[in-house]
Amino acid sequence: MCPNTDSVALHGWTAVPVDAGAIFEGKPYLNEPTPVSLSDIAWPSGDPIVVKVQEYAKEKLPIETYNHSMRVFHWATIIARQQFPAHAATLSPSTLALTCLLHDIGTTPAARASTQLSFEFQGGFIALNLIQHQLSGAQSQAEAVAEAIIRHQDQGTVGTITFLGQLIQLATVYDNMSEMPYLVHPQTREEVARKFKRCGWSRCFSKALRAELEEKPWAHTTHLGSEKFPNGVRFNKLMEEYDAWTE
């Protein structure tokens with residue numbers, strides 16, 4: 001299948017540098033972040049595939065991971081709108097939502113035990129099968145979601161990545177390790193954290209990472225450091241206050 005221009009922009013296939021520093025031209029941000037009300041961020045609830053995948057995610061994911069996925073959607077939407085408005089104007093909210101909902105589907109104990117693959121790869125294959133084959137979604141959309149999930153921990157400084165993949169990297173790293181903490185206004189950060197509670201997410205995800213590393217010492221997570229990454233997640237100072245919120 002040869003991609004057409006419309007599907008490239010719509011599903012976030014545009015090639016951008018994998019190096020986040022290059023994307024921001026060595027600056028902390030391209031445009032100064034401003035507060036965003038959650039009422040201004042619309043979840044694509046009118047898309048039947050999104051509805052079904054959201055039901056699937058709620059069934060398969062623990063609440064901590066589900067809430068993380070919903071926060072990632074909000075961070076990604078805000079970052080795209082404020083830092084990359086041209087991309088945001090064409091990117092499908094449904095494609096973004098599907099990617100966010102499923103990006104950590106491979107971290108569940110059942111998913112990890114079902115394969116020798118690293119969790120990002122297993123998650124990408126689960127997403128591709130679910131969206132394209134089970135729910136009859138568009139091939140370009142399903143593959144965009146799968147590619148972004150497979151590469152969402154593929155950080156580096158050489159080469160390119162899809163815009164959707166880079167956006168998911170920025171949003172997940174923001175939630176997990178608070179890198180580039182200035183990309184979201186503090187007022188918005190608190191509002192999102194209140195709606196989608198972390199419930200000890202830093203401890204939860206660090207534990208999941210260590211479980212995979214113990215089971216699969218070849219896991220792709222080692223690319224980020226077998227100790228550095230789980231520790232960075234566990235001791236996330238920016239989100240420490242919100243990690244204790246459960247109600």
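None of the values given here were measured: they were computed from a predicted structure. These numbers come from the heavy atoms of this one structure, side chains and all, not from hydrogens, waters or symmetry mates.
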With a 4.5 Å cut-off on side-chain heavy-atom distances among I, L, V, M, F, W and Y, is there a chain of contacts connecting L117 to L224? no
Search all heavy atoms of A148 against all heavy atoms of T99 and return the closest pair with its distance. CB-CG2, 3.8 Å
Test item: side-chain donor near acceptor, T65 and D104, under 3.5 Å: no
Q169 vs D154, test: side-chain contact (heavy atoms from CB on, under 4.5 Å). Steps then yes/no. CA-CA 8 Å; Q169 281 195 11; D154 194 18; 4.2 Å; yes
Check this for me: does any side-chain nitrogen of one of R210 and E214 sit under 4.0 Å from a carboxylate oxygen of the other? no
Single hit among T77, L96, T162, T172 for side chain to side chain contact (heavy atoms under 4.5 Å, CB included) with L167: L96
Same cluster or not: are L164 and M180 linked, directly or through other Ile, Leu, Val, Met, Phe, Trp or Tyr residues, by side-chain heavy atoms under 4.5 angstrom apart? yes
Given side chains that start at C-beta, do those of D243 and R203 come closer than 4.5 Å, heavy atoms only? no
Could you go through D175 and H68, starting from their C-alpha distance and side-chain angles, then the distance that decides it, and tell me whether this counts as side-chain contact (heavy atoms from CB on, under 4.5 Å)? CA-CA 8 Å; D175 200 61; H68 163 68; 2.7 Å; yes
Qualifying residue, where the test is side-chain hydrogen bond (donor to acceptor under 3.5 Å, both in side chains) with Y66 and the options are Q54, E59, K60, R71: Q54
For the side chain of W43 and the backbone of F73, is there at least one donor-acceptor N/O pair under 3.5 Å apart? no
Side-chain heavy atoms under 4.5 angstrom apart, residues restricted to Ile, Leu, Val, Met, Phe, Trp, Tyr: same cluster for L10 and L128? no
How about N67 and W201: does a side-chain donor come under 3.5 Å of a side-chain acceptor? no
Do you know the tightest heavy-atom contact between A97 and P44? CB-CG, 3.7 Å
Please work out which of the three classes, parallel, tilted or perpendicular, describes the rings of W75 and Y174, given edges at 30° and 60°. perpendicular
Does a donor on one side chain and an acceptor on the other come within less than 3.5 Å for W13 and S140? yes
Nearest heavy-atom contact between V36 and D40 is CG1-CB, 4.5 Å
Single-linkage hydrophobic cluster Y29~F84, side-chain heavy atoms < 4.5 angstrom: yes
For residues 15-26, which side-chain donor-acceptor pairs fall under 3.5 Å, sequence neighbours excluded?
{"unit_1": "D19", "atom_1": "OD1", "unit_2": "G21", "atom_2": "N", "d": "2.9"}
{"unit_1": "E25", "atom_1": "OE1", "unit_2": "K27", "atom_2": "NZ", "d": "3.4"}

Donor-acceptor under 3.5 Å (T108 side chain, A111 main chain): yes
Which atom of P33 lies closest to which atom of Q83, heavy atoms considered: CG-NE2, 4.1 Å
Work out which heavy atom in P28 is nearest to a heavy atom in L183; give both atom names and the distance. O-CD2, 3.9 Å
How are the rings of H223 and H220 set to each other: parallel, tilted or perpendicular (split at 30° and 60°)? parallel
Given 3.5 Å as the limit, does a donor-acceptor pair link the side chain of K197 with the main chain of I63, or not? no
Is I161 reachable from L30 through a run of I, L, V, M, F, W or Y residues, each pair having side-chain heavy atoms under 4.5 Å apart? yes
Is there a donor-acceptor pair closer than 3.5 Å between any side-chain N or O of Q82 and the backbone N or O of T34? yes
With distance as the sole test, does R189 use its side chain to make a donor-acceptor pair with the main-chain N or O of M239 at under 3.5 Å? no
Distance in Å, E64 CD paired with S202 OG, rounded so as to fall on 0.5 Å steps: 11.5 Å
Assess whether salt bridge (charged side-chain N to carboxylate O under 4.0 Å, His left out) is satisfied between K195 and E191, documenting all intermediate values. CA-CA 6 Å; K195 182 169 184 180; E191 191 173 349; over 6 Å; no
If you round to the nearest 0.5 Å, how far is CD1 of I105 from CG of L130? 8.5 Å
